[in-house]
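Down below is the structure, laid out as C-alpha cells.
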Amino acid sequence: MPTFHFYPIDITYRIVSGKPVIYLYGRTKDGQRIAVADRFDPYFWAIPQKKSVKERLENLSGEKDGESYSVTSVEEKKKRLLGKEVEALKVTVSQPKDVPLVRELIREWDDIQSVHEADILFTRRYLIDKKIIPMTLVVVEGEEGREESRIPVIAATAIRPAEDEETMKGLGILAVDIETYYPKGKGIDMDNNPILMLAVHGETISRVITWKRFATKRRSIEFVQDEAALLHRFREIVLEEQPDIITGYFSDGFDLPYIKRRAEKLKVNLDIGADFSGISLKKGMDTESKITGIAHFDVIKFVRGGLRTSIATDSYSLNAVASKLLGETKHEVELDDLAEVWDKRPEKLEPYCDYNLQDALLTYQLAEKLLPNLTELVKLIGLPLQDCNRMSFSQLVESFLLRKEGEFDEIAPEKPTEHELAKRRKVRLQGAFVHEPTPGLYHDLAVYDFRSLYPSIIASHNISPDTVREADTLEEGAFVVREEKVAYSTAKKGFIAAVVEEVITRRMRVKDILKKKKDPFLEARAMMLKILANSFYGYLGFPSARWYSFACAASVTALGRRYITETIEKAEKAGFKVLYSDTDSIFLSLQGKSKAAAKKFVDDINEHLPGLMELEYEGFYPSGIFVSAKDNKGGAKKRYALLREDGSLVIKGFEAVRRNTSVIAKEVQEHVLKAILEKADDKKALNYLHGVIKGIREKKLAVEKMVIRTRLTKPISSYDAIGPHVAIAKQMKGKGIDIAPGAIIRYVVTTGGGRIRDRAKLPEATKQSEYDADYYINNQIIPAVEKIFEVFGHTKEELLGKGAQMRLLEF
DNA sequence: CCATGCTGCTTACCT
DNA sequence: ACAGGTAAGCAGCATGGC
C-alpha cells in the first residue's frame with residue numbers, strides 16, 4: 001500500500017453511497033496538491049440515568065420529515081464530567097445530520113441524564129479524534145481513487161500524524177482585490193453594479209484585469225472584453241497559480257461574495273474549488289466565504305479578532321493596518337470618483353488600476369507577515385486556517401479545551417440553555433484593584449508587573465471548574481479563597497489549571513530559546529500562546545462558555561486583588577512610596593533608593609510567591625505625572641504619563657491617546673506633557689499654550705486639526721441620546737451615503753449657539769473661518785491641559801491668559 | 001430667563 | 001459574543017436665583 005506524507009489545509013465531508021466521508025485537502029511533502037478521503041462515523045455522548053438505556057438506544061432508528069436516521073452503535077466508556085467519573089455512552093449514528101435529530105429525541109427520555117458534544121462539527125470531531133493538526137505533517141496509507149476531482153484523491157486505509165511535527169512551509173498565497181462600479185451616495189448593489197477591475201498579487205503574478213481600454217504603458221494592466229471575461233480570467237489565474245491560500249481584506253463580506261454574485265449573474269462557471277465547486281457563502285452573524293481545498297485568509301478578520309489585543313490601532317482600514325504592520329504607505333486616489341471616471345474619462349483610469357493593485361499587494365504583504373501567527377494558532381488549536389482566522393477569544397479557548405479534554409478523559413459540559421444563560425448574566429463579577437494616585441509630578445519611578453497575573457493564578461492555585469469545593473471542605477490541602485467563600489482541591493491537577501499551566505510553561509520555553517536567537521516563527525508562537533493564556537480568565541467568566549465557572553473567575557480576581565495589595569504593603573514597608581497600581585502593576589517612587597535596590601525588590605516578593613507566579617521589574621522612569629480627576633474627587637485612575645530614559649513618552653488614558661479628541665487638543669496635550677516631564681518647565685508650556693490659543697482665535701489652524709472622530713456603535717435609529725456624531729451620521733444618511741455601525745464619523749464644531757450637535761458639520765463642508773474657536777479652546781484644549789497645569793498651581797484663568805486681570809480683581 | 005448641577009447615555013480607554 | 005474598572009463629553013432635565 002503506497003504511503004503519502006502530506007500537509008492538510010482544508011477539510012470537508014460528503015456523503016458517498018449513504019456513508020459520511022471526510023475529505024482532507026492539502027499538499028504532499030514534494031508539493032503535489034492531493035485530497036485524502038477517509039471514512040468516519042459521527043457520534044456524541046449520552047450520560048445514562050439507568051444502564052438499561054443502552055439497549056433502547058442501540059435499536060433507535062426512524063424517520064423525521066422524510067429523512068431517516070439511525071443509531072449504529074452504542075459503546076460504554078468511563079469518562080469524567082467536571083472531574084466526576086461517569087459511565088458514558090458513545091452513541092454513533094449513521095450520518096452527521098442524525099446527530100442533532102437523535103440528540104433532541106433522547107434528551108427527553110427519563111433514563112438519559114444529559115447529552116454531550118452533539119454540537120461538535122463533524123469535521124472537527126474527526127481532526128480531534130485522529131489527532132490531525134492542519135498544516136502539520138500527516139502520514140496516509142491508501143490508493144488513488146477514481147473520483148471526479150481537480151486533484152488526485154487518495155482513499156485512505158490508515159491515517160496518522162507524522163512522528164516529527166513538521167510544519168508546512170512555502171505556502172502559495174494569492175491576494176485578490178476588486179473595484180466595483182459604485183455611483184456616489186448609493187449603497188453596494190451586487191446585482192446591478194459590475195466589477196470594473198480585479199487585482200491579483202502572488203509570488204509569480206501581479207496584475208490588474210479591467211474591461212475598459214485606455215492608453216497605458218503599465219505591463220501590470222491586462223485588458224479584457226467585458227466583465228464576464230474578467231471573471232473568466234480570474235478563474236484561469238486561480239487554476240494556474242494553484243494557491244494554498246486566497247487572501248483579501250474584508251474579502252469574506254465583500255470581494256468574494258461580489259465575485260460570486262457577478263459570476264452567477266453573468267453565467268460564468270467559477271469552478272475553482274478542488275471538487276469543481278465555486279465560492280460558497282456561510283451566512284451567519286456575518287458572511288464567511290469558502291472555496292473547497294483552498295484556505296481563505298481574510299486579513300481583517302484576523303487583525304480585529306484573534307490579534308485585536310496585540311495590534312494597537314484605532315482604525316481597521318487596510319491603510320491603517322498596513323502602515324501599522326508594514327510601515328509607511330500612501331494612497332492618493334479618490335475612489336468615490338471611479339464610477340464617474342469610468343463612464344466619462346476612461347483615459348484617467350490608470351491611477352485606479354495602480355490603486356487596485358497596490359491594495360492587492362498590501363493585502364499580500366499583510367497575509368505574508370501574519371501567516372506565522374496564524375500558522376502557530378492553527379498548530380495550537382488544531383483547526384484549519386479557515387477557522388482559526390475567524391475565531392473569537394472564547395472560541396479559541398473552547399476549541400483548545402475540546403482538543404485537550406481527551407488527555408483528561410473529560411467530556412465537555414453542555415452549552416448553557418437560554419434559561420441558564422439568563423441566570424449567568426444576572427450575576428456580576430468583581431474585578432481588579434486600582435490604586436488611586438495622588439496628583440503630582442514625580443521623579444525616579446520604578447514600574448513592576450506580575451507576569452501573566454491571571455493565568456499564573458489559575459495554574460498556581462489549581463483553579464478549575466473541576467476542583468471547586470465548598471469553602472468549609474475537610475479535604476486535605478484544599479486551598480481556600482476566603483474572599484469568595486470557596487476552596488480548590490489540590491489532590492489532583494484540575495483540567496483547566498493543567499491546560500493553562502502547560503500553555504504558560506510552553507511559552508516560557510519558547511521565550512528562553514528566543515533569548516538565544518531570533519526566530520519569527522517562535523516569536524509568533526510566543527505571541528499566540530500569550531493570547532491564549534490571557535483568554536482563559538475571561539472565558540471562565542463568559543456566560544456562554546461550556547466550562548463557565550463564576551466561582552473560578554471570581555476567585556482569580558479576588559486572588560489578583562490579594563496579591564497586588566500585599567505587594568503594595570511590602571513596597572511601603574521596604575521604604576518605597578506607592579504612586580499607582582492597576583490590576584497587576586505597581587508604580588513606585590524610589591525615595592532616594594538606588595536602581596539596584598529597586599530591581600532587587602522583586603526578589604523579596606518572588607521568594608514568597610507560589611508556583612508560576614512572578615513579579616517582574618518593568619523599568620525605570622526619570623519622571624511621571626498623575627493628575628486629578630475632572631470632578632476633583634481625587635487622583636484620576638488610568639490616566640498618567642511617564643518619561644522613559646531614552647526620552648520617549650508613555651501616555652495612558654489621556655486625550656492625547658483617544659480617538660474622539662481633535663488633533664489640535666492631542667498635539668497641545670502631548671507637547672505640554674513633554675515639556676513638563678522633561679524639564680518641569682511649566683512656564684514654557686504655558687507660553688506655548690497661549691500661542692496655540694491665539695492661533696485658534698485667529699483661525700490660523702487648518703480645519704483638519706479640528707476634526708473629531710467618533711465611532712458609530714449601533715444603527716442610527718437605536719440611539720436614545722443623539723450626540724454630534726449621531727447627528728452627522730443622520731445627515732450623511734440623508735444624502736444617501738451608506739452609514740453602518742462601526743463607521744468612524746468625522747465632524748467639526750462650527751460657530752453658533754445652542755447644542756453642539758446642531759453645530760457639528762462634515763469637515764469637507766467646513767471652511768477654516770467657520771470652526772468655533774471658543775468650542776475648541778474651552779471644550780477641547782483647556783480640558784486636555786487643565787489638570788496637568790493644576791499640578792503646578794496654574795488656574796484655568798491663567799491658561800486662558802486672563803491670570804493678570806483676575807489677580808487685579810482679587811486685590 | 002439663565003446659570004448651575006445632576007443623571008443617563010455614550011465612547012474610549014486601561015489592565 | 002473573553003472579563004471588569006474608569007474617565008469624561010453631551011443632552012436633557014430639575015433647581016434656584018434674578
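The figures here come from the full heavy-atom set of this structure, side chains too, leaving out hydrogens, waters and symmetry mates. Order of the sequence lines fixes the chain letters, A, B, ..., with proteins taken first and strands second; residue numbering starts at 1 for each chain.
- In the region residues 393-403 of chain A, proximity to DNA chain C at under 4.0 angstrom, judged on heavy atoms, holds for A:Phe393, A:Ser394.
- For the atom pair A:Leu377 CG and A:Asn389 CG, the distance stands at 9.5 Å (nearest 0.5 Å).
- Salt-bridge formation is not detected for the pair A:Glu670/A:Lys674: no Lys NZ or Arg NE/NH1/NH2 atom is positioned less than 4.0 Å from an Asp or Glu carboxylate oxygen.
- With hydrogens and angles ignored, the 3.5 Å screen pairs no side-chain donor or acceptor of A:Tyr617 with any backbone N or O of A:Ala598.
- In this structure, A:Leu540 reaches neither bases nor backbone, as no heavy-atom distance under 4.0 Å exists between it and the strands shown.
- Ion pairing of A:Arg561 with A:Glu483 is absent here, as no side-chain N (NZ or NE/NH1/NH2) approaches a carboxylate O to less than 4.0 Å.
- Ion pairing between A:Arg746 and A:Glu704 holds under the 4.0 Å rule for side-chain N and carboxylate O.
- Contacts of A:Gly431 with the nucleic acid, taken as non-hydrogen atoms under 4.0 Å apart, involve only primed sugar atoms and P, OP1 or OP2.
- Screening residues 296-307 of chain A for side-chain hydrogen bond (donor to acceptor under 3.5 Å, both in side chains), with sequence neighbours left out, gives A:Ser251-A:His296, A:Asp252-A:His296, A:Asp252-A:Lys301, A:His296-A:Arg390.
- Under the 4.0 Å criterion applied to side-chain N and carboxylate O atoms, A:Arg658 and A:Glu655 are not assigned as salt-bridge partners.
- Note: A:Phe601 and A:Phe576 have perpendicular aromatic rings, judged against thresholds of 30 and 60 degrees for the angle between ring planes.
- Remark: side-chain polar atoms of A:Ser648 are not paired, donor with acceptor, to backbone N or O of A:Arg644 under 3.5 angstrom.
- Sparse packing is recorded around NZ of A:Lys530, with 12 or fewer heavy atoms of other residues, nucleotides or ligands lying under 6.0 Å away.
- Close approach of DNA chain C to chain A, defined as any atom under 4.0 Å from a non-hydrogen atom of the protein, starts and stops at C:dC2 to C:dG12.
- Nucleic acid contact for A:Ser581: none, since no nucleic acid atom lies under 4.0 Å from a heavy atom of the residue.
- Within the 3.5 Å criterion, the main-chain N or O of A:Ser662 finds a donor-acceptor partner in the side chain of A:Gln780.
- Note on A:Ser392: only backbone sugar-phosphate atoms sit closer than 4.0 angstrom, heavy atoms only; bases stay farther off.
- The aromatic rings of A:Tyr640 and A:Phe626 lie tilted to each other, with the angle between the two planes from 30° to 60°.
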**Prompt:** When you check every protein heavy atom under 4.0 Å of nucleotides 6-15 of chain B, what one-letter string (B, S, -) results, 5' to 3'?
**Reply:** ---SSBBSBS

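- Here A:His435 pairs with nothing under the side chain to side chain donor-acceptor pair (under 3.5 Å) rule; sequence neighbours left out.
- Contact check of residues 775-786 of chain A against DNA chain C (heavy atom, cut-off under 4.0 Å) returns A:Tyr775, A:Asn779, A:Pro783.
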